[in-house]
Amino acid sequence: MTGFSESSIATRLEAVHERIARAATAAGRAPAEVRLIGVSKRQSLEAVRAARAAGLEDFGENFLQEALAKMDGLGPATARWHFIGALQSNKTAAVAERFDWVHSVDRLKLAQRLSRQRPESLAPLNVCIQVHIGDEASKSGVSPAATAELAHGIAALPRLRLRGLMAVPPPEHDPARQRAWFRQLAELQAGLCAAGLALDTLSMGMSGDLEAAIAEGATLVRVGTAIFGPRPT
Ligand SMILES: *Cc1c(COP(=O)(O)O)cnc(C)c1O
């Protein structure tokens with residue numbers, strides 16, 4: 001069963017907002033410090049419309065063509081769009097023209113293309129660097145050791161605004177182990193701030209580990225299945 005119902009999306013969205021508020025409060029943070037991105041990859045335009053109607057303002061997409069179709073379907077300037085998928089150089093022009101944020105920049109070459117291709121009529125593109133946390137060789141992202149050099153390179157690009165770091169750590173059931181991965185990203189970011197970069201965003205936490213991410217300082221959580229239900233295959 002992969003269909004959706006508007007009321008179940010609204011109900012699940014409310015439950016996710018409650019999880020965020022509880023986790024923020026437990027960490028001594030204001031719930032408003034944590035913004036929710038609904039990850040709508042492989043979900044229908046109708047599901048996105050239902051989430052938008054229920055108040056969700058930020059949508060994360062992994063696949064360019066699919067994202068463009070949903071943007072066109074929803075209409076201009078009705079939501080904020082975050083590109084969170086693997087970024088290839090032949091996709092940067094459309095990403096620079098149509099998205100508000102990119103969370104998956106892991107090479108200077110891609111950042112330079114995005115900066116060159118960001119239209120002058122738009123605000124600078126918000127960028128997070130995707131960092132490879134954990135040791136799964138298949139995961140994308142720059143290594144923690146190479147992050148500072150990349151960050152300083154991106155911060156110098158005129159049409160990008162470097163906001164912070166993003167990671168997808170290895171899946172863990174144990175909350176303490178989840179927190180340990182997120183802490184690595186938070187400490188890396190703290191080091192960059194100490195080195196003079198003005199970063200305000202930690203993009204970390206998904207359906208299964210958003211509480212641990214918020215406890216370690218997440219400001220953006222990217223949540224798919226907890227809002228939209230299982231992804232259609
Ligand atoms: C799919 C995806 C998510 C959301 O995952 P859920 O477990 O469905 O919440 C978050 N971030 C990225 C980068 C993703 O690809």
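We count ligands from 1, going down the list as the structure has it; atoms in each ligand are counted the same way. Every heavy atom of this structure was used, including side-chain atoms; hydrogens, water molecules and symmetry mates were not.
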Next item on the list: Check ligand 1 against N62 and write out every atom of the ligand that is under 4.0 Å from a heavy-atom position of the residue.
Entry: 14 (C), 15 (O)
Notebook entry, point to check: For atom CD of E149, is the number of surrounding heavy atoms from other residues, nucleotides or ligands below 6.0 Å larger than 12?
Noted result: no
Checklist line | Considering all heavy atoms, the nearest H132-P144 contact | finding: O-CD, 3.3 Å
Check: Quick one: nearest non-hydrogen protein atom to atom 14 (C) of ligand 1, plus distance?
Finding: K41 NZ, 2.9 Å
Next item on the list: Report the member of G224, G229, G38 with the shortest heavy-atom distance to atom 4 (C) of ligand 1.
Entry: G224
Note to self: Could you tell me, atom by atom, which parts of ligand 1 come under 4.0 Å of a heavy atom of V223?
What the structure shows: 9 (O)
Notebook entry, point to check: side-chain contact (heavy atoms from CB on, under 4.5 Å) between T219 and E33: does it pass, once the steps are laid out?
Noted result: CA-CA 6 Å; T219 64; E33 287 174 33; 5.7 Å; no
Margin query: Starting from atom 12 (C) of ligand 1, what is the nearest protein heavy atom, named by residue and atom, and what distance separates them?
Written below: I84 CD1, 3.6 Å
Checklist line | Nearest-0.5 Å distance that lies between atom CG in D58 and atom CH2 in W101 | finding: 9.0 Å
Margin query: Looking at E211 and R19, is any side-chain nitrogen of the basic one under 4.0 Å from a carboxylate oxygen of the acidic one?
Written below: yes
Item checked: Geometric N/O contact G208 with ligand 1, under 3.5 angstrom -> no
Next item on the list: Distance to 0.1 Å, residue and atom name: give those for the protein heavy atom nearest to atom 10 (C) of ligand 1.
Entry: M206 SD, 3.2 Å
Next item on the list: Could you list which atoms of ligand 1 come closer than 4.0 Å to a heavy atom of T225?
Entry: 6 (P), 7 (O), 8 (O), 9 (O)
Next item on the list: Just jot down the ligand 1 atoms closer than 4.0 angstrom to any heavy atom of R222, in number order.
Entry: 4 (C), 9 (O), 10 (C), 11 (N), 12 (C), 13 (C)
Next item on the list: Could you see which bit of R231 sits under 4.0 Å from ligand 1, with heavy atoms only: side chain, backbone, both or neither?
Entry: side chain
Item checked: Nearest neighbour in protein (non-hydrogen) for atom 6 (P) of ligand 1 -> S207 OG, 3.5 Å
Next item on the list: May I have the step-by-step check of side-chain contact (heavy atoms from CB on, under 4.5 Å) for V39 and N62, ending in yes or no?
Entry: CA-CA 8 Å; V39 176; N62 298 57; 4.1 Å; yes
Next item on the list: Could you tell me whether the side chains of E61 and S40 share a donor-acceptor contact shorter than 3.5 Å?
Entry: yes
Check: How are the rings of F228 and F59 set to each other: parallel, tilted or perpendicular (split at 30° and 60°)?
Finding: tilted
